[in-house]
Each structure stands twice: as C-alpha cells, then as structure tokens.
Amino acid sequence: MHKETELKLRASRETLAALREHPLLKKRNKSGWQTRELLNQYFDTPERDLSAARVALRLRRDGEVIIQTLKCRGQSVAGLSERNEHEWHLDKVKLDLKKLDATCWPEQLAELDKKTIKPLFTTDFTREYAEIAWGRGKAKVVIEAALDQGFVIAGKRKEEICELELELREGPPEALLELAAELAASLPLMPCDISKAERGYRLLDPDSYELGLPVTELQAEMPLDDAYAALAWQLLGSSQRLAEQYRHNGHWRLLQDWVRCLAELRALTASLGQAAPRPTTRALRASLDALLEDWRPLVLAGNDDEDIRRAAPEQFAEELEDPRWGQFSLETARWLSARAWTAERKGRGERQGKAQLASWLQHLLGEESRALKLPLYVQRPEDLAEQLPRIECVQSWLHHARQVLDLPQQDRLYGELNKLHELAEQPLVEEGKEELLEARIEQARAIEQNRAWKHLLKA
C-alpha cells in the first residue's frame, strides 16, 4: 500500500496543448513527455456499496500490463487529495476477488458479498506524462504531471476527460499547490476533486446524484485559528465542488450555494479582527470581492427572472475559461496551508488567535449584534443594506458554529436573520417600495424579540 497525494485540475484541450509548451514545465521536465493508453473498468455492487464507503475498485490495462487497484477512504481538501491505494498486477483482465482480503478491505464492508460486485462504467483516456523536478530550498521536489484526454462512459452516456493531474512523488504537498498556482497564473485551470470515478457514478444516475460537500465539526475549546482554518478549507472545497457540479448540470440552486460559500468565506475572514491583520487578508478579500461583485447581483436578479437563470450556465462557462477562478482557488489554498493570516500579528492578535472558540465567539457576536443597532433601522429601514456585512458575519458564525454556542432559540434566530438578509438585499424601486420597507421593519422587530438575540446583546 502507498499513499497517493495528487491535485486534479480541469482544463480545455487548448489549455492542455499550452501546458505541453509551458516554459516552467519545459525547464523542470526531466524525462520528456511520454504517452500511454489507459483503459479502466470500475466495479461496484448494484446498490453502490463501495461508493457509499468511499472506496474505488478498478481494473486498468496499461499496454500489456493489467493492474487491479483499490483506493480507500482518504481526505480531499480543496482539490488536493490523499488516499490509501493498494495495487496488484494480474495475468488477465478479470477482477481477482481473493486479493480483497482483510489486509486491505475496509471493515465497514466486511459483511458485503463480494460476488455481487460487477462492472459499472469505464474511464478510457490517453495520458501524456512527464517527471517534473526542481529544488525547493534544501528539499527536492518530484511531481508526475499528466495530461489526460478521453471519456468516462456509462451505458449510453459519456463525459469528456480533459485534465491536468499532478501527483507528488517526492517533497512536501505544498509544492503541488505552488506549481499549480504558477501554471494557473496565465492558464484557466479549475481545481476539481470530483474524481473520474465520481463522474462515472454521476453519469449512471444523473437525476439523483448527490453532491457530497465537506463538513467541519467545531469544538468549543478549539483555538480560533484552528476553527477558522477548518471552516475556510471547508468553504473553499465546497465552492470548488459546487462550481464543478454547476458546470456539469446548470442547476440554479448550485450557483446560489456557490455564491453563498464565497460570501461566508468573506464574512468569516473579515470577522477575525486582530487575529488576522488586514494586510494579511487583503489579497483574499480583494479576490472574493471581485467574484461577489460579478455574481451576487446576477444570482439576486436571477431568483426572480427565468431568462437570467437560463443564460447563467453559459456565463459561468465563460468565467471558467478565464484564469481568475483557478487562480483564486489555488492561491487561497496556498494561503490557508501557510496560515498566512498569522504572519504579521502582534501580542493581542496572538492571544485572540489562540483563544478558545466559544468564548471568543460569544464576545464577537455580542459586539456585532449591538453594533447592528436594529432599533435605528426600524426608524430608517431604507438604510438597512449598509448593514449587510454585519448581518452576514452573524449569519455565517451561527450557521457553522451552532454546536459551540449556548443560545436559546438559536435556530429560529438564524432563520430570522436569513429573512432580514433577503430583505436588505432587495433593491428599493418605486414599485413595491413601501411594502419592502414595512417588511424590513417587521423583520427587524421580530429579531429584537428573539430570546437568542436578547442574549447576544447582553454578552
């Protein structure tokens, strides 16, 4: 068994052609580009038991070589994935169930009748690959760069494979992100941790395909730095999976959720105070603001306009043809990996960063709730939009840290804040203006009466 650390980046055929001639890869290419045909058959039970256990079972034909591979549960964070991998060389193209014994087979599948495992789909592609190596300080980095082109085929359905795969052979995982970020500075490369196998399952049952988003379990005693890092990784990874799935099927809710992830990452980052000095978050905030400036108004308008919803997939495809999204994703992953927000802070910032989440959060939400001054906006509902950043800050923490807060009617408060946010986002136009202002007043009063809100005001 060995551990596979890799980064997948979706690309176009034109981008793959440009990568072959990219000066950075040319300079570090130690082997020259080589080509091989990879024919892959994936297996599972009719009930998809292996997929549910996050296990991939594959037969691969690589020239005359036949390899059976079992990939087991690992972790995938914002496109950078690590999985345990078992391989066996076989004499013929036939699954050898005897190899799947207790030394590698997941315990949760121990009762599974392996005879029910059948072929489901294929991923056949041409791989051009090269060994990319360079010195990173005193360490040596070796990465296999692979340009994959082909198809995932499930019955009568198929999807094109067109991606750059970077697999770490030697050196720190950060080197993968560094190389990818340098390439994405000028080429549209989209981090994508939806594997070829997942795409096969997606083709098999496209209407009921569930998008598995990462989930973070926060603890009251954990330091603020750890909590923020966990949530930021979660939101970045979720935004990448949502972008990939929206690109695939154009379901409007996915675009809404994508924008929400970006907005929450922006709100959480801005809430850190001296634990994240503003110069350390400037580039991240600027990138998020640029994306939100383009996409939040479109989503807001599209919620009530079917023509906008219909046109949005093509606009999103244009976004992905630009380097901006890949650049943002990879640079943010590097920033999080290095915990760059801690770089320039002083004593008080250090103390805040190491403070227990529950106590810090109680103080923050108390400050933000009082600063929101809801009674003022009962008198001046037309100005409520100016408080959107503060509303989003409270919303985001209530959404992701509910288990560490001890508040009465907390879920009800979260729901009421969502309603207030929706009302604050709606533009004031002459038609319906009075009704909107009255709705803002009523919603502000509803929040004022919430027990959790009253609790926060006293914190």
Side-chain angles (χ1 to χ4, degrees), residues 4 6-13 16 36-62 66-76 79 81-87 90 93-97 100 105-106 109 112 114 116-127 146-165 167 190-214 237 240-251 254:
E4 177 187 70
E6 65 182 19
L7 183 63
K8 295 180 185 295
L9 299 138
R10 180 181 285 280
S12 65
R13 290 177 178 269
L16 291 189
R36 63 180 190 256
E37 299 290 327
L38 299 176
L39 310 177
N40 308 278
Q41 180 83 63
Y42 281 83
F43 297 79
D44 205 336
T45 67
E47 292 75 26
R48 316 285 198 263
D49 294 291
L50 273 64
S51 175
R54 294 179 62 189
V55 170
L57 179 59
R58 179 186 74 199
L59 274 184
R60 166 171 284 179
R61 184 162 189 162
D62 182 355
I66 302 164
I67 303 172
Q68 178 173 307
T69 303
L70 178 71
K71 295 188 179 185
C72 296
R73 181 185 298 271
Q75 62 177 348
S76 180
S81 62
E82 291 184 349
R83 302 186 78 180
N84 294 323
E85 184 175 273
H86 305 264
E87 288 188 348
L90 305 181
V93 186
K94 183 180 179 182
L95 199 64
D96 187 347
L97 296 175
L100 308 176
W105 195 242
L109 296 174
L112 180 71
K114 297 188 182 73
T116 63
I117 295 174
K118 305 295 180 185
L120 285 188
F121 55 85
T122 61
T123 63
D124 298 340
F125 55 93
T126 300
R127 168 165 289 178
L147 311 177
D148 293 345
Q149 292 188 69
F151 291 93
V152 182
I153 302 173
K156 294 182 180 180
R157 300 188 182 99
K158 69 178 182 178
E159 178 184 344
E160 186 179 30
I161 295 169
C162 199
E163 65 188 25
L164 166 66
E165 186 174 297
E167 183 174 348
M190 177 182 178
C192 177
D193 66 358
I194 295 181
S195 66
K196 295 180 180 73
E198 283 185 90
R199 292 179 219 170
Y201 286 106
R202 184 168 66 183
L203 287 176
L204 281 170
D205 206 0
D207 294 332
S208 63
Y209 178 81
E210 293 184 3
L211 185 64
L213 297 178
Q240 291 173 355
R241 292 181 73 83
L242 288 162
E244 159 60 24
Q245 190 67 357
Y246 181 69
R247 182 209 64 79
H248 175 71
N249 64 21
H251 288 175
L254 296 169

Between T69 and L57, does the side-chain contact (heavy atoms from CB on, under 4.5 Å) criterion hold? Intermediate values first, please.
CA-CA 6 Å; T69 303; L57 179 59; over 6 Å; no

Looking at NZ of K114 and CG of L95, how far apart are the two atoms once the value is rounded to the nearest 0.5 Å?
11.0 Å

Rounded distance [0.5 Å steps], NZ in K118 versus CG in D44
12.5 Å

With sequence neighbours left out, write down each residue that passes side-chain hydrogen bond (donor to acceptor under 3.5 Å, both in side chains) with D96, or none if nothing qualifies.
none

Residue list, side-chain hydrogen bond (donor to acceptor under 3.5 Å, both in side chains) with T116, at least two apart or on another chain:
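With sequence neighbours excluded, T116 shows a side-chain hydrogen bond (donor to acceptor under 3.5 Å, both in side chains) to no residue whatsoever.
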
For the residue pair [X] and [Y], what are the closest heavy atoms and their distance?
| X | Y | result |
| --- | --- | --- |
| L203 | A154 | CB-CB, 3.8 Å |
| E160 | F151 | CA-CD2, 3.7 Å |
| E165 | K8 | OE1-NZ, 2.5 Å |
| V55 | L109 | CG2-CD1, 4.2 Å |
| W105 | L70 | CZ3-CD1, 4.0 Å |
| D124 | L39 | OD1-CA, 3.3 Å |

Mind checking what makes side-chain contact (heavy atoms from CB on, under 4.5 Å) contact with Q149, not counting sequence neighbours?
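So Q149 forms a side-chain contact (heavy atoms from CB on, under 4.5 Å) with R13, L16, R20, C162.
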
Side chains of T122 and Q41 only: does a donor on one sit below 3.5 Å from an acceptor on the other?
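No, because no side-chain N or O of T122 sits under 3.5 Å from a partner of the opposite role on Q41.
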
With no hydrogens and no angle check, is any side-chain donor or acceptor of R54 less than 3.5 Å from a backbone partner on A52?
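Not a single qualifying donor-acceptor pair exists.
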
With side chains defined as the heavy atoms from C-beta onward, is the minimum distance between I67 and L90 less than 4.5 Å?
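Of all side-chain heavy-atom pairs linking L90 with I67, none is under 4.5 Å.
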
According to ring-ring contact (aromatic ring centres under 6.0 Å, His included), who are the partners of F121, at least two apart in sequence or on a separate chain?
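In terms of ring-ring contact (aromatic ring centres under 6.0 Å, His included), with neighbours along the sequence ignored, F121 is linked to Y42, Y201.
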
Pair N249, L254 - check side-chain contact (heavy atoms from CB on, under 4.5 Å), show working.
CA-CA 9 Å; N249 64 21; L254 296 169; 3.2 Å; yes

Just do the side-chain contact (heavy atoms from CB on, under 4.5 Å) check on H248 and R199 with the steps written out, would you?
CA-CA 10 Å; H248 175 71; R199 292 179 219 170; over 6 Å; no

Partners meeting salt bridge (Lys or Arg N to Asp or Glu O under 4.0 Å) with R10 (sequence neighbours left out)
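Once residues adjacent in sequence are excluded, the partners of R10 under the salt bridge (Lys or Arg N to Asp or Glu O under 4.0 Å) criterion are E159, E244.
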
Listed by chain and number, what are the salt bridge (Lys or Arg N to Asp or Glu O under 4.0 Å) partners of D148, not counting sequence neighbours?
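If we apply the salt bridge (Lys or Arg N to Asp or Glu O under 4.0 Å) test to D148, skipping adjacent residues, the hits are R127, K196.
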
Starting from the C-alpha separation in whole Å, work towards a yes-or-no answer on side-chain contact (heavy atoms from CB on, under 4.5 Å) for R247 and C192.
CA-CA 11 Å; R247 182 209 64 79; C192 177; over 6 Å; no

